[in-house]
Amino acid sequence: MKHLMVLLALTLCACARPDYLSETPVVNNEQNDPQSMCPIFFSKENICAELTWKQSPTSTDFSEFELRFNRAVAAENLSVILWMPSMGHGSSPVKIESLGDGKFRVFKVFFIMPGDWEIRIVLKDTQATLDQAFVPLVVP
């Protein structure tokens, strides 16, 4: 009789709908994660940006790139810093020109030596940093 009760209990449990199957469809987080679809993601401000080189980076000449944000960013709230982590220093300040509609021309970009660099893009409000993203690159 004990065995019959155990068998009956196991049979009923086997027919129950498992908890892991909910009515909500399973969503692939990677596909819906804003960062997965965004080249440069500012997680605190939920802003996406894209960097396009107009003049490729070198250590012998000035370079230029365009930054395009998915929403309006004021020029006075944007800072771009060239930084060489392995050496613990940066390069000369860049110039930033607003092109409107969340687009900026970043020019007078000069990498003072070849190697591993970061382009540090900082979003700020007056003097406080709101968010930042680092774009790694190797300068020939």
Name the atoms and distances for all side-chain donor-acceptor pairs under 3.5 Å in residues 84-93, with sequence neighbours left out.
unit_1: Ser91; atom_1: OG; unit_2: Phe110; atom_2: O; d: 2.3

All N/O donor-acceptor pairs, side-chain side in residues 121-139, below 3.5 Å, sequence neighbours left out:
unit_1: Asp131; atom_1: OD2; unit_2: Ser43; atom_2: N; d: 3.2
unit_1: Asp131; atom_1: OD2; unit_2: Lys44; atom_2: N; d: 2.8
unit_1: Asp131; atom_1: OD2; unit_2: Glu45; atom_2: N; d: 3.0

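Clustering of Ile, Leu, Val, Met, Phe, Trp and Tyr side chains at separations under 4.5 Å leaves Phe107 isolated, with no partner residue.
Listed by first then second residue, pairs satisfying side chain to side chain donor-acceptor pair (under 3.5 Å) with a partner in residues 96-110 read Glu64-Arg105, Glu97-Arg105, not counting sequence neighbours. Residue pairs that meet the salt bridge (charged side-chain N to carboxylate O under 4.0 Å, His left out) test with at least one member in residues 48-61, sequence neighbours left out, do not exist here. Residues in residues 72-90 take part in no salt bridge (charged side-chain N to carboxylate O under 4.0 Å, His left out) pair, two or more places apart or across chains.
Ring-plane geometry between Phe42 and Phe69 is classed as tilted, the angle between the planes lying from 30 to 60 degrees on a 0 to 90 degree scale.
To the nearest 0.5 Å, atoms CG (Asn46) and CG (Asn70) are separated by 7.5 Å. If you take CZ on Phe111 and OG1 on Thr58, they are separated by 9.0 Å, rounding to the nearest 0.5 Å.
Under the side chain to side chain donor-acceptor pair (under 3.5 Å) criterion, Glu66 pairs with Arg68, not counting sequence neighbours. Every residue two or more places apart in sequence or in another chain that forms a salt bridge (Lys or Arg N to Asp or Glu O under 4.0 Å) with Glu118 is listed here: Arg120. Shown here are the ring pair (Phe, Tyr, Trp, His ring centres under 6.0 Å) partners of Trp83, two or more places apart in sequence or in another chain: there are none.
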